[in-house]
Amino acid sequence: MALWFDPAEYLVGGRWQGAAASLPAEDPSTGAVVAAIARGGAAEIDAAVAAAARALAGPWGRMAPAERGRILARLGRLVEERAEDLARIEAGDVGKPLAQARADARALARYLEFYGGAVDKTHGETIPYLAGYTVLTLREPHGVTGHIVPWNYPLQIIGRSVGAALAMGNACVLKPAEQASLSALAFARLGDEAGLPAGALNVVPGLGAEAGAALAGHPGIRHLSFTGSVATGRAVQAAAAANVVPVTLELGGKSPQLVFADADLDRALPFLVAPGIQNAGQTCSAAARILVERAVYPEVVARMAEIYGRLVAGPALADHDLGPLISAAQKARVGRYLEAGRGLALAARGRVAADAPAGGHYLAPHLFADVPPAHVLAQEEIFGPVQVVIPFASEAEAVAIANGTPYGLVASLWTENGGRQLRLARALRAGQVFLNTYGAGGGVELPFGGTGQSGHGREKGFEALRGFSTLKTVAAWHG
Ligand code: NAD
C-alpha cells in the first residue's frame, strides 16, 4: 500500500514539514520499526497553536456552519473511500485485528457524517424574560482546542473529539500517541483533500512529556480533550488548570457485567467475552469484571472457559480473535498482573498462534474465576486480555461489588426482570449502562464518558457539541 503522507512530517498551518528529531514507529505484530515519525516539542506546539488562532481569524472562523458541515461530510466520504488503507495503517501501527481496524475506520467516517450533518442544527434558544427584554443564547466555539489521543483507538477517538470540535468551529491541535501516530497523519492529509482551510487542523506527533505536556499547559488553548491513563489525566488537568482551561477527561475503567440467573445466557455468553478481549483488552470500556449470580455461576464460568479455549492471539493482518499488545512495556505491565494472580483459579486461557512472529508482543488471554472483589485483579485496570469472574448472592451484593472500584465508565445488566433492569440502571455508577447488550455497537450517537476516576465530560452524540462549544447569553432591552 502506498502511503499518501510522509510519516516523518507534521502539519502546522496547512504546511507539512519535517521535524528536527524523530521517533520510531513500531509494528507490534513483529516488533520491527517500520517508520520514523516526527518528534514535535514545545516549539512545534507553539507554532500549531498560533496557526490555529490564525485560522480562527481567517476563512475558517468566518465560514458558515453549513459550509463547515459540507467539508466534514466530504472528509467522511474520503475516509470511507480510503477505509481499507486506513484500516491497514491502523492494524499495522496498533496491532489490532484487521476486522476491528476496519470497524474503526468506518466509525471515523460515521462521526464525520454525523457531526457534519449536525453543524447547522445546533443552535441556542430564546429565553422568556422581563417585559421589554429579548434574551437569546448563542453557541460559540471555544477557540483553539487541544486533543491528546491515546494509541488504542486513534481513528475512533480522533473522530469523536476532533470531528465534534471542528463541527462547532474550533481550530484543533492534535497530539497523537507516540506509539500510534500514523492514522492521525493519514487523516490530516485527507483533511487537506476535503478542503479544510489551513490551520483548522494541526497535527504534532511527539512524546507525552514533550509535545503532550506543552499542549496541555499552553496558554493559547481554550479547551482540552484528553483520553488516556488516570495518572496522565491528573497531570493534564493540573496543567490546564493553571490557565483555567476546561478539560474533558476520558480515562480508564474496570467495567462490570452483571449476569442474573434469569438472563438469556445464550445471548449473553458472546457478549461476556468479546468486549473483554477486544483490542487485546486494551479498551477503556473493556468488560473487565463478570459478576454472576451463584445459581448460574458454574455454568457461566464453564461456558466462558469453553470460548476462551478457542481464542487465538496472532498478527493483526491475519485477523485472529486478538492481536499483540501495543508494546513490550505494556506486555510486561500485564505480565505483572498475571504474576499477582498466581494464587487465583485460572479458569481458562487462550493461546498464541503458532506462526506469530517471535518479536511481536503476544499474550494469551486469561480468565480468572472466584476472584475476591478486593483483589488487585478485580480492582485495577489491567489493559490487557484478562477478565475476572466474581460470584454474587443478591442484587444488593452485585451492586456493591459493581460500584466497588474507583472507576465508573460503563456497565451492563443481563436480566429479564424489568423492575430490576431500571432499578439497577439507576444504582450503577457508570456513564453508560447497557441492558441485555454490551457496547451497543459503539454508537456514534450515544453520549460517552465516565464518573469517578474514569473521568468527566461527555463525548459522542449531540452532547459532544455542547462540550466543544461555549454558551453566550445576549440580553437586549428594547422597551
Ligand atoms: P497515557 O495517558 O500515558 O497516554 C495517552 C496520551 O497522553 C498520549 O498521547 C501521550 O503521549 C500523552 N501524554 C503522556 N504524558 C503526558 C503528559 N505529561 N502531558 C500531556 N500528555 C501526555 O496512556 P498510556 O499509558 O500510553 O495508555 C495506557 C492507559 O491509558 C491505559 O492503562 C488506560 O487506562 C488508559 N486509556 C484510556 C482510554 C479511554 O478511552 N478512556 C483510552 C486509551 C487508554
Side-chain angles (χ1 to χ4, degrees), residues 23 28 37-42 45 93-94 96 104 146-162 173-181 183-184 203-218 221 224-242 245 247-255 278-286 288 325-334 336-337 379-384 386 405-410 430-432 439 442 448-460:
L23 292 166
I37 54 165
R39 177 177 175 174
I45 290 290
D93 211 12
V94 179
K96 62 176 60 190
D104 291 356
H147 304 260
I148 300 177
V149 164
W151 43 261
N152 59 346
Y153 289 84
L155 286 173
Q156 289 219 34
I157 294 170
I158 288 168
R160 79 182 190 208
S161 95
V162 171
V173 178
L174 167 63
K175 207 300 280 176
E178 50 271 44
Q179 299 89 342
S181 294
S183 62
V203 184
V204 181
L207 295 173
E210 297 175 1
L215 182 56
H218 202 290
I221 60 165
L224 190 66
S225 161
F226 171 82
T227 306
S229 64
V230 177
T232 307
R234 276 194 201 103
V236 159
Q237 181 161 338
V245 167
V247 180
T248 301
L249 292 183
E250 300 278 6
L251 308 178
K254 192 72 184 174
S255 297
Q278 179 175 315
N279 208 29
Q282 302 166 121
T283 303
C284 52
S285 56
L325 297 176
I326 185 75
S327 61
Q330 188 69 9
K331 185 176 168 183
R333 183 174 178 271
V334 179
R336 287 194 289 278
Y337 281 106
Q379 283 291 316
E380 294 185 10
E381 184 181 48
I382 298 172
F383 233 55
V386 180
T405 77
Y407 295 105
L409 195 53
V410 314
Q432 287 186 330
F448 176 78
T451 62
Q453 306 252 322
S454 292
H456 51 75
R458 294 292 176 265
E459 290 186 344
K460 303 175 68 168

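The model shown is predicted, which means the values in this text are computed figures rather than measured ones. Sequential numbering from 1 along the given sequence is applied to the chain's residues. We count ligands from 1, going down the list as the structure has it; atoms in each ligand are counted the same way.
Between atom 29 (C) of ligand 1 and the options Ser454, Ala231, Ser229, Gly384, the minimum heavy-atom separation is to Ser229. For atom 35 (C) of ligand 1, the candidate residues are Gly252, Ala286, Gly228; the nearest heavy-atom contact is made by Gly228. When the options Gly212, Pro205, Pro154 are ranked by their closest heavy atom to atom 21 (N) of ligand 1, first place goes to Gly212. Nearest-heavy-atom check against atom 27 (O) of ligand 1 across Tyr407, Trp151, Phe448 picks out Trp151.
The backbone N or O of Gly442 lies less than 3.5 Å from a partner atom in the side chain of Lys460, making a donor-acceptor pair. In this structure, Asn152 contributes its side chain and Asn279 its backbone to no donor-acceptor pair below 3.5 Å. For Ser181 (side chain) and Pro205 (main-chain N/O), no donor-acceptor pair under 3.5 Å exists by modelled atom type. Put simply, the side chain of Ser454 gets close to the backbone of Gly252: a donor and an acceptor are under 3.5 Å apart. Gln282 places a side-chain N or O within 3.5 Å of a backbone atom of Ile326 that can act as its donor or acceptor partner. A side-chain donor-acceptor contact under 3.5 Å links Ser255 to the backbone of Val410. No donor-acceptor pair under 3.5 Å is formed between the side chain of Lys254 and the backbone N or O of Ala288.
Not a single N or O atom of Thr227, backbone or side chain, sits closer than 3.5 Å to an N or O atom of ligand 1. The shortest N or O to N or O distance between Leu409 and ligand 1 is not below 3.5 Å. For ligand 1, the polar-atom distance check finds no N/O of Asn152 at less than 3.5 Å from any of the ligand's N/O atoms.
Interface of Glu250 with ligand 1, defined as ligand atoms under 4.0 Å from a residue heavy atom, comprises 39 (C), 41 (N). Set against the non-hydrogen atoms of Glu178, the atoms of ligand 1 under 4.0 Å away are 10 (C), 11 (O). Remark: ligand 1 atoms within the under-4.0 Å shell around heavy atoms of Val149 are 6 (C), 8 (C), 9 (O). Atoms of ligand 1 lying under 4.0 Å from any heavy atom of Phe226, numbered from 1 in the order shown and given with element: 2 (O), 6 (C), 7 (O). When each atom of ligand 1 is checked for a heavy atom of Ile148 under 4.0 Å away, the hits are 6 (C), 7 (O), 9 (O), 12 (C), 20 (C), 21 (N).
Of all protein heavy atoms, the one closest to atom 44 (C) of ligand 1 is Phe383 CZ, 3.3 Å. Residue, atom and distance of the protein heavy atom nearest to atom 40 (O) of ligand 1 are Cys284 SG, 2.8 Å. For atom 18 (N) of ligand 1, the closest non-hydrogen atom on the protein side is Gly208 O, 4.0 Å. Nearest protein heavy-atom contact of atom 34 (O) of ligand 1 is Glu381 OE1, 2.1 Å. Scanning the protein heavy atoms around atom 3 (O) of ligand 1, the nearest turns out to be Thr232 OG1, 3.3 Å. In terms of protein heavy atoms, atom 41 (N) of ligand 1 is closest to Leu251 O, 2.1 Å.
Counting heavy atoms closer than 4.0 Å to ligand 1, residue Ala235 contributes nothing at all.
Between the side chains of Glu459 and Ser225, at least one donor N or O lies within less than 3.5 Å of an accepting N or O. A donor atom on one side chain and an acceptor atom on the other are not found under 3.5 Å apart for Glu381 and Tyr407. Side-chain contact annotation: Arg458 with Gln432, donor-acceptor N/O pair under 3.5 Å absent.
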I would like to know whether Leu207 and Arg39 meet side-chain contact (heavy atoms from CB on, under 4.5 Å); could you show each step before the answer? CA-CA 7 Å; Leu207 295 173; Arg39 177 177 175 174; 3.5 Å; yes
Using the side-chain contact (heavy atoms from CB on, under 4.5 Å) rule, take Trp151 and Gln330 through it: C-alpha gap first, then chi angles, then the decisive distance, then the call. CA-CA 12 Å; Trp151 43 261; Gln330 188 69 9; 4.2 Å; yes
